[in-house]
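In what follows, chains are A, B, ... by sequence order, proteins preceding strands, each numbered from 1.
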2 protein chains.
Amino acid sequence: MDNVDYKILEYLKANSRTKASTISKEIHLSVSAVIERIHKLETSGIIKNYTVVLDESKIGNDTSALMEVSLDHPKFYESFTRAIKENKNINFCYYLTGDFDFMLKILCKSSEDLEKIHNNIKNLEGVSKTKTYYILKSVKD
Amino acid sequence: MDNVDYKILEYLKANSRTKASTISKEIHLSVSAVIERIHKLETSGIIKNYTVVLDESKIGNDTSALMEVSLDHPKFYESFTRAIKENKNINFCYYLTGDFDFMLKILCKSSEDLEKIHNNIKNLEGVSKTKTYYILKSVKD
DNA sequence: CGTGAAATTATATAAGT
DNA sequence: ACTTATATAATTTCACG
């Protein structure tokens, strides 16, 4: 990971479909060298994946919320996190220090949808306390 | 946005550098048609961007936290959100209903780094109350 | 909307510095 | 590690169903 790798990552972060030939011109390195470096970033695991950023509201996902969750006992950690990972309406989930155990984000089509998802999570084994905040606006994402 | 578009998006979500020729074989549609549909998804804004998912810990970003922020008055919204958008260590920021106004995520190299970023945010104009939670583990992201 | 073929670009491979 | 040259493969363009 030298400075050249960082520059390549900056181009890929801005647009992961940027052609190696474009990056090559920008950073004054041969196309082969750029591709070789990208492959190394991939195989070393620094690049985990390439993905697409969607305008969720344009495909009907207009409702989102943050949810705090606490578990009764650490023994429920495995089953809880498994359920979270499987739930397609949950974007992220972090395990935290402090007043509660997890913070997760829900993204869905409607408030009725949100209610269902919310209830599903509340009813997972070991879930004791929850608190939910509607997202009014995504300032940055 | 028909079912074919959804399928294409699923492939691109899983790997945005998937070749149109690969998708073509999977969904039994000509390469040209796949590319045409992708272009339409791009120009319509459904696809906002292509990006790369990095293993942040492998590039030294080992520390992350969630931070709740409240503002004294709505008049500080513009300047606050501008500062948030400019801060490269802030991954997301949501404007919420409830006990506080914003929830944001900080990603950085160390706890000393976190302390600085945390203080910068606390000292932004209009910031009244904050509360910070260390992220122990990213269960899902 | 979709297909298929030709033209253009990109990527992969390999040999040399 | 980088470069150049060549081979293979992908994308773009366009005429047509």
Side-chain angles (χ1 to χ4, degrees), chain A residues 1-62 88 91 107-110 141, chain B residues 1-62 88-89 91 107-110 113 141:
Chain A
M1 274 301 293
D2 61 7
N3 217 29
V4 177
D5 286 328
Y6 273 107
K7 278 187 187 172
I8 291 172
L9 286 181
E10 284 308 312
Y11 284 99
L12 293 177
K13 269 197 244 181
N15 177 5
S16 65
R17 299 203 0 160
T18 307
K19 304 299 177 192
S21 55
T22 308
I23 299 174
S24 162
K25 282 168 205 153
E26 295 282 341
I27 67 175
H28 307 291
L29 198 69
S30 74
V31 174
S32 307
V34 171
I35 291 173
E36 203 177 314
R37 277 172 178 269
I38 292 174
H39 286 337
K40 278 183 189 165
L41 290 166
E42 287 166 359
T43 54
S44 70
I46 290 170
I47 291 177
K48 281 160 76 175
N49 192 22
Y50 297 99
T51 193
V52 66
V53 183
L54 301 181
D55 187 329
E56 295 288 348
S57 70
K58 288 196 174 162
I59 52 174
N61 287 325
D62 281 312
K88 285 214 160 193
N91 291 355
L107 175 64
C108 59
K109 295 198 184 301
S110 63
D141 213 337
Chain B
M1 274 300 292
D2 60 6
N3 217 27
V4 178
D5 285 329
Y6 273 107
K7 277 187 188 171
I8 291 173
L9 285 181
E10 283 309 311
Y11 284 100
L12 293 177
K13 268 197 246 182
N15 177 5
S16 66
R17 298 198 8 154
T18 307
K19 305 299 177 192
S21 53
T22 307
I23 300 174
S24 161
K25 282 168 206 152
E26 296 282 342
I27 66 175
H28 307 291
L29 197 68
S30 76
V31 174
S32 307
V34 171
I35 292 173
E36 203 178 312
R37 277 171 177 270
I38 292 174
H39 286 336
K40 278 183 190 166
L41 290 166
E42 287 167 359
T43 53
S44 69
I46 290 170
I47 291 177
K48 281 160 75 174
N49 191 21
Y50 297 100
T51 193
V52 65
V53 183
L54 301 180
D55 187 329
E56 294 288 347
S57 70
K58 287 195 175 162
I59 52 175
N61 286 326
D62 282 313
K88 285 214 160 193
N89 290 295
N91 290 355
L107 175 65
C108 60
K109 295 198 184 300
S110 62
D113 218 9
D141 212 339

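When each of B/Ser32 and A/His28 is assigned the nucleotide of DNA chain D bearing its nearest heavy atom, the one mapping closer to the 5' terminus is A/His28. When the nearest nucleotides of DNA chain C are assigned to B/Lys19 and B/Asp2 by heavy-atom distance, the more 5′-ward of the two goes with B/Asp2.
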Residues 19-31 of chain B side chain polar contacts: donor-acceptor under 3.5 Å, at least two apart:
{"from": "B/Ser24", "atom 1": "OG", "to": "B/Leu29", "atom 2": "O", "distance (Å)": "2.5"}
{"from": "B/Glu26", "atom 1": "OE1", "to": "B/Tyr11", "atom 2": "OH", "distance (Å)": "3.2"}
{"from": "B/Ser30", "atom 1": "OG", "to": "B/Ala33", "atom 2": "N", "distance (Å)": "3.2"}

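For B/Lys109, the salt bridge (charged side-chain N to carboxylate O under 4.0 Å, His left out) criterion is met by no residue, not counting sequence neighbours. With sequence neighbours excluded, no residue forms a side chain to side chain donor-acceptor pair (under 3.5 Å) with A/Asn3. Partners of A/Asp62 under the salt bridge (charged side-chain N to carboxylate O under 4.0 Å, His left out) rule, at least two apart in sequence or in another chain, do not exist in this structure. By the salt bridge (charged side-chain N to carboxylate O under 4.0 Å, His left out) test, B/Lys48 pairs with no residue at all, sequence neighbours left out. In this structure A/Asn15 satisfies the side chain to side chain donor-acceptor pair (under 3.5 Å) test with no other residue, sequence neighbours excluded. In terms of the salt bridge (charged side-chain N to carboxylate O under 4.0 Å, His left out) criterion, A/Glu42 has no residue partners (sequence neighbours excluded). Qualifying side chain to side chain donor-acceptor pair (under 3.5 Å) partners for B/Ser57, counting only residues two or more places apart in sequence or in other chains: B/Asp55. In this view, B/Ser16 and A/Ser16 satisfy the side chain to side chain donor-acceptor pair (under 3.5 Å) rule, not counting sequence neighbours.
Summarising the geometry of B/Thr51 relative to A/Lys13, their closest heavy-atom pair is OG1-O, 2.9 Å, with the distance given to 0.1 Å.
When base pairs are accepted only as Watson-Crick or G-U wobble with both N-N or N-O distances under 3.5 Å, DNA chain D takes part in stems of 3 or more pairs at C:2-17 with D:1-16.
Residues from residues 34-45 of chain B that place a heavy atom under 4.0 Å from any atom of DNA chain C, listed by number: B/Arg37.
Of all nucleotides in DNA chain D, those with any atom nearer than 4.0 Å to a heavy atom of chain B start and finish, going 5' to 3', at D/dA10 to D/dT13.
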